[in-house]
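All figures in this text were calculated on a predicted structure; none of them were measured in a lab. Throughout, a chain's letter reflects where its sequence line sits, starting with A, and its residues are numbered from 1.
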Amino acid sequence: MHDSSFDDLRARLAASDPARGITYRHANLSVALDVIVADQPAPIRVMRSFQLKMASAAAAAVVVTTSAIAALSGAGSTLPILNFAAATATTLSAPGLKVGAMAIRPYASSNYTFTAGASLSSDVPSASVYTQTSEPSAAHIRDLASCFADLDHTTISSESTSDSTTTVTYANGDSFTYSAFAVSLPTFSFSPNASATGGIAIATPMASDSTNTTIPTPVDTPPVSVYGTPTDAQMSVLASLDSLASLIGTDALHFTTENASASDTSLNAWTQETLDGLPVFGAQLNVEATNGTVTSVSGSDITGLSAIAYPLLSAADDVANVGSWSPGYSLGAGGVCEACMGGSVTTTSTAPTPVTLDSATLWLVPRTATSASGTDIATLLPAWEYSGQVDTWTGSFWAIAVDPQYLSSH
Amino acid sequence: MARSRHDRGNHAAEDAFRAFAVTIAPTLAGYFRRRLYPLSAADVDELVNDTLLVIWRRWSDVPAGAEVPWSLGVARHILGNARRGNRRRVAMESRLAPDPHGLAAEDIVVADVALSEALVAVSEGDREIIVLSAWDGLSIAELAVHFDISENAATVRLSRAHSRLQEILESAERSSDKRTGEQ
């Protein structure tokens, strides 16, 4: 490239910086840092301690312990150990017993009074706590990468691993990246080489969806996106990715027109990954295509997890623990509840806002546990996501469905 | 050189982290604004918070002298999680939601659309190194740390990415000129 064209390109890039001219000021960095440096994932540490005790015990003892836990889990709320809802709420809110990652958004329970609506079930759910017991092997990563290679008949030209991230590059320039760095669940992404003729072909144009509105476009401006329904041919290509499910440890993946949208040039599709029938928060397979060729495929890998049976709390009983913990990014329509943002709620002089929670969904939520030796362990915890109306917005609120009283005593 | 893990419990480590957090927060905010749309101020704060939390948890692993590119590596993973979470939210809210990776209508008026489209057309790897250099301001040495490659390799990778971007850009603009001439 000539220097002049390079300089011109650099100048155009600089002028196109979406963040140019924006001065960033954090709403309350000081408060956020107080929460961060106090990070002590106490409940997880207790659980890890319990696991280590299990691991070090004789096999027979483990069987007995596991059976006892299973019995507790199946016994439901009639057991005294599950009747500490109010007490556990206090325990979780107490200084020194702080939940760990993703607890930054402090919609403190002192600012809200949560009440279970009549529609919340008191049935104790059936779900397991999952912990990562093995690191993904190189063979597993290659198997995963080959799912995409098979679609495109490419061959691997190079493979490298550093900092828990493996990158596989194919002969045609397509690349596959698998990373377990700084994330609760390992993630993978496939990026076809845009300048090559390969990639996963998806036919265009898309069929129009009669339910959507066509926005008139002036002739001198770019078209405004109009979403439509993917064609049968596109859905067929997406269905071929269902084979990933067995490799990434989830239930079968299903792309439908309900979770895919298309314009005349682009396609976006996603499917929620599920494990034992429960959705895994943040774990989805996402496919994006532009002008007939897939531009990215990304998702999470939850293989190598083992299940442990723990006593759980029903949606109705776990309401007392709402506000103690949040997986983030899900505060309802609009996505923003200013009153919930860090630092903006610091007064307790006003009366708590009453919130009636009227629906609940059980998720498996990724969470990184830290052992005493500093080793990070990926976990999936059952957690209730509640929905309730707060003033004019609908909020989502979370509570770990694992009985905290049980964790703290084991 | 990595700091000692024992530092984490010291006040010195906490003070150092707090000072670093103040300086890196605007860099992280810019990183997220350039890659995830739309973002409210509260969304940016939360993504910055989550990134700082991981940095703190791995404070002893942060390479001295290369804190910025290392932290942007953490931000890249936080961004991936946020995109998946955001997609779920968007899916629940409306099937007619705008493309989170597209331009807002008001942006199209003033943006360099040809360049934006060329950036979309290059591979994810090319786009990332171009943007890290041009928008996030990483030097060749910092790009080398970020991608864990040699400085020579970073130079070559960036140069090739620029060339491919330029090629796509020129091709698109030639097509546009041709269409204009035919009218």
Please list, one pair per line, the donor and acceptor atoms closer than 3.5 Å that link side chains of residues 127-134 of chain B to other protein atoms, with sequence neighbours excluded.
from: B/R127; atom 1: NH1; to: B/L119; atom 2: O; distance (Å): 2.9
from: B/R127; atom 1: NH1; to: B/V120; atom 2: O; distance (Å): 3.3
from: B/R127; atom 1: NH1; to: B/V122; atom 2: O; distance (Å): 3.2
from: B/E128; atom 1: OE2; to: B/Y31; atom 2: OH; distance (Å): 3.3
from: B/S133; atom 1: OG; to: A/R10; atom 2: NH1; distance (Å): 2.8

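By the 4.5 Å heavy-atom criterion applied to side chains, B/L28 and A/Y24 are not counted as neighbours. With a 4.5 Å cut-off on side-chain heavy atoms, A/L29 and B/D45 do not count as touching. Contact check for B/V44 versus A/H26: no side-chain heavy atoms found under the 4.5 Å cut-off.
With sequence neighbours excluded, no residue satisfies salt bridge (Lys or Arg N to Asp or Glu O under 4.0 Å) with B/R157.
Smallest separation of non-hydrogen atoms from B/R18 and A/L33: NH1-CB, 3.6 Å. Taking all atoms of both residues into account, the shortest heavy-atom contact from A/L9 to B/H162 is CD2-O, 3.8 Å.
Once rounded to the nearest 0.5 Å, the distance linking CG of A/D17 with CG of B/D136 reads 7.5 Å.
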